[in-house]
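Just below is one structure, and these are the notes that go with it.
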Amino acid sequence: MPARSIEQIRNLCKRRGFIFPGSAAYGGLGSFWDYGPLGVEMLGHIKRAWWRNVVYERDDMEGLDGAIITSRKVWQHSGHEATFSDPLVDCKKCRARHRADHLTSNVCPKCGSTDLTPPRSFNLMFQSHVGPVAAEVGTDEELASRVYLRPETAQTIFMNFKHVQATLRRKVPFGVAQIGKAFRNEITPGNFIFRTREFEQMEIEFFIKPPQFVKDGEKTDEQWHEEWISQRYNWWLSLGVDPSRLRKRAQDKAELAHYAKATTDLEYLFPDFGWGEVEGVANRTDFDLSAHSRDIPEADLARLKLEKNADSTETFDYFDPEAKARYIPWVIEPSAGVTRAMLTFLCEAYHEELVKEPTPAEVDPLKVEIDSAIKNAQKKAKEAEKLRAESRVPSPGSTADKAAGDAAPGTRDTGPKHDPVAIADFVAKLEEMKGRLPASLLEIDNLLEEHPGAQNLEPVKKLKPKVNKLAEDCVRVVLRLHPTLAPIKVAIFPLKKNEPAIVDIGRRITKQLAPFMRVQYDDSAGIGRLYRRQDEIGTPFCITVDFQTLEDNTVTLRERDSMAQSRVKIDDLKHMLMQRLHLA
RNA sequence: GCGGGUGUAGCUCAGUGGUAGAGCAUCACGUUGCCAACGUGAUGGUCGUGGGUUCGAGUCCCAUCACCCGCUCCA
């Protein structure tokens, strides 16, 4: 079972050195995060895995690393300066928020009020200025020096289309990959690192023939689009994401960005907030390359709803030697978030497992308490039922309803605090799980914590810490990360830290493996605790140097997921680990 | 930005106006023959921040910041 909540992941990330809140000593800065020693390793692994897959393993791709700070002109002509901002109005009465450009009149569609705030514009791009002089906002001088932190890496790829094509002598179809930071002043960041204002992208612009030049037997833009969707989908699966939690979803026409003919999102089923986009594969047509080009024919400008570009000095076209024609290529864009990928892999890898069977002496008292909790819950359910029946008598408009009368439906239930239906469901589940103790210990722990029917019940409050304590004693947290993604690859322990011969060998193995993989030597606790620590950060292998090592030069190799142990010759360690970690 | 909630040690929390605490974690020493062992000791907090009330504020008031949950956002 993967993570039950983002909170679990956030805690683990902070506690074990993956991710810390940014600017923490000064109270933090919203939506900015610092990646710690383990986080930076994992980000690096994600990026390398992606780069290997889309650049090294293909024969039609090149790489690029463009500047983050980009001329304002780029974003004017890409359409971002005009489009990448949302004029918003708030309804003062019901507090709903609407896009001003989606309202047909000056009336709130939710409550009908006309008491709306004036539209306020949120440009999603961070801006700065090149040069030391600060000019007054909006003046020609200010606009001349204004630059934007790129909101997507894509545009620097478009700017370099001809450079890459010419210097690497590429023929269409080919693509350019880029990994780098992007910045968006999001109105609503949140869900930990899912949506942040500074994030990292992995983007490809794959240049293909425009439809009118595609010959029989060649792939159309739609076929290329499909192919990239499945390519990218498979990449996520190859790194351990379960297909039941990854889906492809084609965007509706209304959802499409200003540049796209079609977009399919890859969505992961996150805890707490459900399906969330982790990658978008867009068919951007020839929109961007045309937008940045001078000398585009009127017909094409009209088709793409573009203005004539008088600023650009280039035309981003391509001479196709086979077709003997010059054209502006179309573009398929697979675009994923690195930081979002990290959250995805962490959620997917997070597991809690019962590794120790609680004894009957520990479980039996729990059963007694569960029985009394069930009895109490049933009593509360009956009382609530009765209360509900009575409260139906006074009609809406009574004093109790007045205060909540204007609230949107579902915001506050002023009725009895117990919901008989929820309690009945809770009781049924608890009964069933009780029958499966001790195996169901974790499920009960979760049920007491999460189930709506369990809230506000006194015996449950008493029961919860006891179940939780026992669960903690019997559980291990393990990140079942794909070995490629694990921040630490191998941990090395001496079975007895006061035995110089054992310690020496442990340190020697550490030094021997260090140039090839991230290793961690640890002698600061008993062997069991050392294993658990590594499980929690997803280290695939642990090596223990023991007394037998002194006799036959073998060590214990312990595998994370199965906890199985085997003996391996020290001389074979490096080779074997390289193989099993996919490093060789 | 608006509404609701939260903020005390790395973590989980106790502390209702009178000398800042517990458990876990971390570190040191000893002990320990493979899955969160034990003993002894130690480190660690201007109680989110700033202001106010008070002889005295973790506690009461105001402001502010951050996080969480909602509000058409998309990597």
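- Taking atom C1' on both B/rU8 and B/rG15, the two are 9 Å apart, rounded to the nearest angstrom.
- Between B/rG44 and B/rC60, the two C1' atoms lie 30 Å apart (nearest whole Å).
- The distance between atom CG of A/Leu43 and atom C1' of B/rA75, rounded to the nearest whole Å, is 14 Å.
- A/Ile9 has its CD1 atom 19 Å from the P atom of B/rC67, to the nearest Å.
- B/rC61 and B/rA42: their P atoms are spaced 39 Å apart (whole Å).
- A salt bridge links A/Arg284 with A/Glu152: at least one charged nitrogen is closer than 4.0 Å to a carboxylate oxygen.
- Base engagement by A/Phe194 is indicated by at least one non-hydrogen atom pair under 4.0 Å involving a base atom.
- Nucleic acid contact class of A/Phe273 (heavy atoms, under 4.0 Å, all strands): none.
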Reading 5' to 3' through nucleotides 27-35 of chain B, protein heavy-atom contacts under 4.0 Å coded B for base, S for sugar-phosphate only, - for none: S---BBBBB
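- One C1' atom belongs to B/rU64, the other to B/rG7, and the distance between them is 13 Å to the nearest Å.
- Counting only heavy atoms from C-beta outward, the side chains of A/Val281 and A/Tyr233 never approach each other to under 4.5 Å.
- Whole-Å rounding puts the A/Arg195 CZ to B/rG70 C1' distance at 14 Å.
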Side chain to side chain contact (heavy atoms under 4.5 Å, CB included) for A/Tyr268 and A/Trp236? Distances and angles first, verdict last. CA-CA 10 Å; A/Tyr268 178 74; A/Trp236 290 89; over 6 Å; no
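- B/rU19 and B/rA57: their P atoms are spaced 12 Å apart (whole Å).
- With a cut-off of 3.5 Å on both Watson-Crick or G-U wobble distances, the partner of B/rA14 is given as none.
- Note on A/Arg184: a side-chain N or O is less than 4.0 Å away from OP1 or OP2 of B/rA75.
- What separates CZ of A/Arg150 from C1' of B/rA75 is a distance of 13 Å, to the nearest Å.
- By the 4.5 Å heavy-atom criterion applied to side chains, A/Leu485 and A/Ile46 are counted as neighbours.
- Heavy atoms only, all atoms of each residue included: A/Thr196 and A/Ser31 are closest at CA-OG, 3.1 Å.
- Across all strands shown, nothing is found opposite B/rU72 as a Watson-Crick or G-U wobble partner with both distances under 3.5 Å.
- By the 4.5 Å heavy-atom criterion applied to side chains, A/Val278 and A/Phe270 are counted as neighbours.
- Contact annotation for A/Glu255: base contact, defined as any heavy-atom pair under 4.0 Å involving a base atom.
- The local environment of NZ in A/Lys181 is sparse, with at most 12 non-hydrogen atoms from other residues, nucleotides or ligands closer than 6.0 Å.
- The gap from the P atom of B/rG10 to that of B/rU46 amounts to 9 Å, rounded to the nearest Å.
- As rounded to the nearest Å, B/rG1 and B/rA9 have C1' atoms that lie 35 Å from one another.
- Here B/rC74 presents its P atom at 19 Å from CD1 of A/Ile193, a figure rounded to the nearest Å.
- Summarising the geometry, the separation between CG on A/Leu256 and C1' on B/rC73 is reported as 15 Å, rounded to the nearest angstrom.
- Between A/Arg529 and A/Asp522, none of the side-chain N atoms (NZ, or NE/NH1/NH2) sits under 4.0 Å from a carboxylate O, so this pair counts as no salt bridge.
- Straight-line distance from the CD1 atom of A/Ile46 to the P atom of B/rA75: 18 Å, rounded to whole Å.
- With both pairing distances under 3.5 Å, B/rU19 is matched to nothing as a Watson-Crick or G-U wobble pair.
- Across all strands shown, B/rG58 forms no Watson-Crick or G-U wobble pair with both distances under 3.5 Å.
- Residues A/Glu203 and A/Glu333 meet the side-chain proximity criterion, which asks for heavy atoms closer than 4.5 Å.
- When both distances must be under 3.5 Å, the Watson-Crick or G-U wobble mate of B/rC27 is B/rG41.
- In this structure, A/His225 and A/Lys261 have side chains that are not in contact, with every pair of non-hydrogen atoms separated by 4.5 Å or more.
- As the counterpart of B/rU32, no nucleotide is assigned, since no Watson-Crick or G-U wobble pattern has both distances under 3.5 Å.
- Nucleotide B/rC74 holds its P atom 14 Å from the CD atom of A/Glu267, rounded to whole Å.
- B/rA66: Watson-Crick or G-U partner is B/rU6, with both key distances under 3.5 Å.
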Between the protein and nucleotides 9-12 of chain B, which nitrogen or oxygen pairs come in under 3.5 angstrom?
| from | atom 1 | to | atom 2 | distance (Å) |
| --- | --- | --- | --- | --- |
| B/rC11 | OP1 | A/Lys14 | NZ | 2.7 |

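- Across all their heavy atoms, A/Lys47 and A/Val338 have their closest contact at CG-CG1, 3.9 Å.
- Nearest-nucleotide positions on RNA chain B place A/Lys356 closer to the 5' end than the other of A/Lys356 and A/Arg10.
- Between the side chain of A/Glu277 and the base of B/rC73 there is no donor-acceptor pair of N/O atoms closer than 3.5 Å.
- At a threshold of 4.0 angstrom between heavy atoms, the contacts of A/Thr263 with the nucleic acid are absent.
- When the P atom is used for both B/rG45 and B/rG56, the distance is 26 Å, rounded to whole Å.
- Looking at heavy-atom distances under 4.0 Å, A/Thr196 makes contact with a base.
- With respect to A/Glu7 and A/Arg10, a salt bridge is recorded, a charged nitrogen being found less than 4.0 Å from a carboxylate O.
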